[in-house]
Amino acid sequence: MSRADAPRTATRIVVLTGAGLSAESGLATFRDSGGLWEQHAIEDVATPQAFRRNPDLVQRFYNDRRRQARKAQPNEAHRALARLSLRDDVMLVTQNVDDLLDRAGARGVVHMHGALNRGVCANCGHRFQVDGDLTTDDPCPSCGQASLRPDIVWFGEMPQQMDEILHALQAASIFAAIGTSGEVYPAAGFVEIAHDHGAECVEINLDPRRSSPLFDRHLAGPATMTVPAWVDDILGSAPTEP
Ligand code: OAD
């Protein structure tokens with residue numbers, strides 16, 4: 001039986017990642033000192049209203065970020081999570097819009113805040129791969145209208161694949177939040193859902209001092225050190241799929 005035909009295994013481990021995972025690949029976080037939201041106002045570049053007001057500015061902001069993400073390389077933490085994702089009972093959910101987990105070989109990554117390497121047509125909903133810059137004049141490859149935007153979830157919009165994520169959180173026995181400040185909902189509320197459904201909740205962060213009391217364990221340090229060790233622990237201690 002091929003993997004695609006096999007009955008889907010219930011998710012046992014849900015991993016939520018944030019900007020801290022890609023920090024050591026050279027991509028800026030949002031809220032650390034020197035982070036992206038210190039240099040740009042959210043309401044100027046990351047809301048539907050901003051895009052209506054000044055689409056060129058918003059496209060430029062994401063074109064710059066797309067270029068930076070393309071130059072960055074996956075680090076040891078991305079590679080460790082890619083190894084973990086080969087198990088059928090693991091779901092990797094990322095708030096990151098870079099594709100470093102995917103490029104590290106991770107399987108089935110859920111990009112809940114969208115992806116820099118995708119565009120979407122505001123007119124017909126067509127989604128497509130974006131490698132270079134997007135401009136407000138580009139025609140949609142499907143309907144031809146110049147209504148393209150980055151496939152990024154902006155503030156005030158619904159994150160992607162939420163039903164799948166909530167279902168997995170309710171079934172999980174381990175929930176790990178890696179390199180995220182827990183400032184942005186709904187992702188910030190995942191620990192509460194997992195905790196209420198009996199999961200062990202682990203926080204892995206450079207500085208876990210400001211985190212939710214619902215985490216059972218904290219692993220402090222840079223992701224490239226802590227994440228491979230945590231993954232090795234899990235892969236060493238739990239049976240893999242037959
Ligand atoms: P933040 O910038 O809010 O938080 C980054 C977290 O990573 C902090 O808790 C840091 O302590 C931690 N960190 C930094 N370097 C690290 C390292 N080398 N190893 C481990 N941890 C490290 O970023 P997010 O929590 O991802 O949303 O932000 C969540 C959302 O807010 C983003 O997806 C984005 C942003 O506004 C949208 O744009 C919709």
Side-chain angles (χ1 to χ4, degrees), residues 15-51 57-59 61-66 68-69 72-81 92-101 104 109-118 120 149-162 165 175-191 201-212 215 217-231:
V15 179
L16 171 70
T17 68
L21 180 70
S22 298
E24 290 164 85
S25 292
L27 298 179
T29 63
F30 294 93
R31 295 175 183 80
D32 294 313
S33 152
L36 276 171
W37 295 156
E38 245 178 44
Q39 297 158 43
H40 305 270
I42 288 176
E43 50 281 9
D44 287 344
V45 293
T47 66
Q49 294 82 351
F51 189 60
L57 174 74
V58 175
Q59 295 281 23
F61 174 71
Y62 288 101
N63 286 340
D64 286 346
R65 295 191 57 205
R66 187 176 303 110
Q68 286 158 13
Q73 296 302 324
N75 64 43
E76 284 307 316
H78 296 109
R79 280 192 276 276
L81 292 175
L92 296 187
V93 181
T94 188
Q95 299 167 90
N96 298 346
V97 292
D98 65 57
D99 63 350
L100 295 180
L101 276 170
V109 181
V110 175
H111 282 273
M112 66 176 289
H113 287 170
L116 284 166
N117 63 7
R118 291 196 311 246
V120 62
R149 55 169 276 183
D151 189 9
I152 299 286
V153 176
W154 287 323
F155 283 87
E157 296 184 320
M158 182 60 84
Q160 300 180 2
Q161 293 178 260
M162 281 304 292
I165 299 170
F175 169 71
I178 301 175
T180 177
S181 59
E183 298 265 344
V184 175
Y185 282 84
F190 290 176
V191 61
C201 298
V202 186
E203 188 189 31
I204 304 178
N205 198 298
L206 193 58
D207 175 11
R209 276 173 306 177
R210 283 168 300 160
S211 79
S212 159
F215 284 105
R217 287 203 294 139
H218 302 275
L219 303 178
T224 52
M225 305 294 287
T226 48
V227 175
W230 177 71
V231 167

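Note that these values count all heavy atoms, side chains included, but never hydrogens, waters or copies made by symmetry. Start at 1 and go down the list; that is how both ligands and their atoms are numbered. Since the model is a prediction, treat every value here as computed from it, not as a measurement.
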Flag side-chain contact, heavy atom, 4.5 Å: Val120 against Arg149: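 Of all side-chain heavy-atom pairs linking Arg149 with Val120, at least one is under 4.5 Å.
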Classify the ring geometry of Trp154 against Phe51: parallel below 30°, tilted from 30° to 60°, perpendicular beyond 60°. tilted
Is the ring pair Phe175/Phe215 parallel, tilted or perpendicular, if the boundaries are 30 and 60 degrees?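 Parallel, since the angle between the ring planes stays under 30°.
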Mind checking what residues have non-hydrogen atoms under 4.0 angstrom from ligand 1?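 Near ligand 1, by chain and number: Gly18, Ala19, Gly20, Ala23, Glu24, Thr29, Phe30, Arg31, Asp32, Trp37, Gln95, His113, Val153, Phe155, Gly179, Thr180, Ser181, Val184, Asn205, Leu206, Gly221, Pro222, Ala223.
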Partner of Leu100 under side chain to side chain contact (heavy atoms under 4.5 Å, CB included), chosen from Thr17, Leu27, Asn75: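 It is Leu27, the one option of Thr17, Leu27, Asn75 that forms the side chain to side chain contact (heavy atoms under 4.5 Å, CB included) with Leu100.
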Mind checking the CE-CD spacing from Met112 to Gln95? Nearest 0.5 Å is all I need. 6.0 Å
Euclidean distance, Asp98 CG relative to His111 NE2, rounded to 0.5 Å: 7.5 Å
